[in-house]
Amino acid sequence: IPAATLSYDLGRGTAYARWARGFKTGGVNLLTAPAYYPRPEDGSIFSPETVDTYEIGFKQSLRGGEIQVTGAVFYNDYRDLQIDVRPRPEFSNITTAIINAESAETYGVEASLNWRVFDPLTVGVNAGYLKAEYKKYSLTGSEILQDFDLSGAAMPKAPEWQLSFNAALDQPH
């Protein structure tokens with residue numbers, strides 16, 4: 001997997017910029033015999049997926065290491081995103097089909113703050129914003145899958161806002 005990172009030492013922290021390319025191989029849908037699919041694009045054969053990811057961020061230590069602050073902005077550019085879809089009800093012999101969305105993107109920002117209140121207690125908060133959408137994702141003329149055009153639609157299972165709190169009590173053994 002190719003990747004490149006540039007970083008700059010801030011004294012008690014680091015600023016960085018990173019690019020990486022991810023890859024997921026294509027294949028044949030093994031859950032159902034390919035003969036059940038009239039056309040490969042209906043889910044029997046799917047293309048490899050690639051993603052270029054870009055991130056700029058920082059990690060900083062404050063108050064002698066008691067406080068750790070991080071932040072990042074990111075952008076992910078997907079090509080041939082592999083998506084698991086369900087066929088029409090009349091094709092009950094097919095459990096699933098994997099097809100490719102031509103392109104999709106995600107971008108956002110995330111930040112965290114962790115504070116060692118006293119030995120051994122550390123508390124923290126993490127927050128993030130995510131925009132995830134299909135740029136081009138449609139299918140027409142399939143005998144197995146419903147026609148659809150989700151171009152510009154939000155991707156499922158990608159919450160726009162995230163917030164979490166944590167606490168750790170580090171006790172020696």
Side-chain angles (χ1 to χ4, degrees), residues 1-27 30-31 46-86 95-138 148-173:
I1 299 176
T5 303
L6 298 172
S7 62
Y8 181 75
D9 187 350
L10 300 172
R12 292 184 182 236
T14 304
Y16 66 91
R18 177 172 170 76
W19 165 83
R21 174 165 290 160
F23 176 82
K24 191 188 301 183
T25 187
L30 298 176
L31 297 176
F46 50 95
S47 299
E49 171 186 318
T50 58
V51 60
D52 283 312
T53 183
Y54 307 87
E55 182 175 345
I56 298 172
F58 71 94
K59 299 175 183 181
Q60 184 71 37
S61 222
L62 305 170
R63 293 186 54 176
E66 284 182 19
I67 299 174
Q68 302 290 323
V69 180
T70 65
V73 294
F74 62 89
Y75 175 76
N76 299 304
D77 183 18
Y78 292 90
R79 288 171 306 288
D80 292 320
L81 179 66
Q82 295 171 5
I83 301 173
D84 182 23
V85 295
R86 302 288 178 250
T95 56
T96 188
I98 298 173
I99 64 173
N100 295 97
E102 189 173 326
S103 59
E105 67 183 0
T106 63
Y107 56 88
V109 61
E110 36 190 43
S112 69
L113 172 73
N114 289 292
W115 175 31
R116 182 171 290 278
V117 179
F118 56 84
D119 275 332
L121 178 64
T122 302
V123 296
V125 61
N126 302 296
Y129 169 78
L130 174 68
K131 181 74 171 178
E133 66 184 20
Y134 300 113
K135 292 193 305 190
K136 190 168 183 185
Y137 179 35
S138 63
F148 64 86
D149 186 354
L150 294 175
S151 301
M155 296 168 67
K157 300 179 184 175
E160 187 174 12
W161 291 98
Q162 298 177 34
L163 180 65
S164 67
F165 299 93
N166 60 71
L169 189 59
D170 298 321
Q171 292 293 327
H173 293 272

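Every value quoted in this text rests on a predicted model; they were computed, and no experiment measured them.
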Closest heavy-atom pair and its distance - Ser7, Thr14: CB-CG2, 3.7 Å

Any Phe58 side-chain heavy atom under 4.5 Å of Val69 side chain: yes

Nearest heavy-atom neighbours spanning Asn166 and Val125: ND2-N, 4.3 Å

Residue pair Phe165 / Val123, side-chain heavy-atom distance below 4.5 Å: no

Closest non-hydrogen atom pair, Leu10 against Gln60: CD1-OE1, 3.6 Å

Glu66 side chain vs Trp115 backbone, donor-acceptor pair below 3.5 Å: no

Point-to-point distance, once rounded to the nearest 0.5 Å, from CG of Asp119 to CG of Leu169: 10.5 Å

Between Glu105 and Tyr75: side-chain donor-acceptor atoms closer than 3.5 Å: yes

Exam field: side chain Glu102 to backbone Lys136, donor-acceptor pair closer than 3.5 Å: no

Sub-4.5 Å side-chain heavy-atom contact between Phe118 and Pro120: yes

Distance, nearest 0.5 Å, that separates CG of Asp77 from CG of Asp52: 6.0 Å

Over 12 non-hydrogen atoms of neighbours within 6.0 angstrom of NZ in Lys135: yes

Where Leu81 and Ala104 come nearest, the two heavy atoms and their spacing: CD2-CB, 3.9 Å

Gap between atom OG of Ser47 and atom CD1 of Ile98 - 0.5 Å precision: 12.0 Å

Close side-chain approach of Tyr78 and Thr106, heavy atoms under 4.5 Å: yes

Heavy-atom neighbours of Tyr8 OH exceed 12 at 6.0 Å: no

CG on Asn114 to OG1 on Thr70, rounded to 0.5 Å: 7.5 Å

Test item: side-chain donor near acceptor, Arg18 and Thr5, under 3.5 Å: yes

CZ-CG distance between Arg116 and Asp170, expressed to the nearest 0.5 angstrom: 5.0 Å

Non-hydrogen atoms of Glu49 and Gln82 that approach each other most closely: OE1-N, 2.9 Å

Nearest heavy atoms of Ser112 and Asn126, plus distance in Å: CB-OD1, 2.8 Å

Arg79 and its side-chain contact (heavy atoms from CB on, under 4.5 Å) partner, picked from Thr50, Asn100, Val51: Thr50

Spacing of Glu160 atom CD and Tyr129 atom OH [to the nearest 0.5 Å]: 4.5 Å

Distance flag, aromatic centroids of Phe148 and Tyr137, threshold under 6.0 Å: yes

Student check: side-chain heavy atoms of Leu130 and Met155 closer than 4.5 Å: no

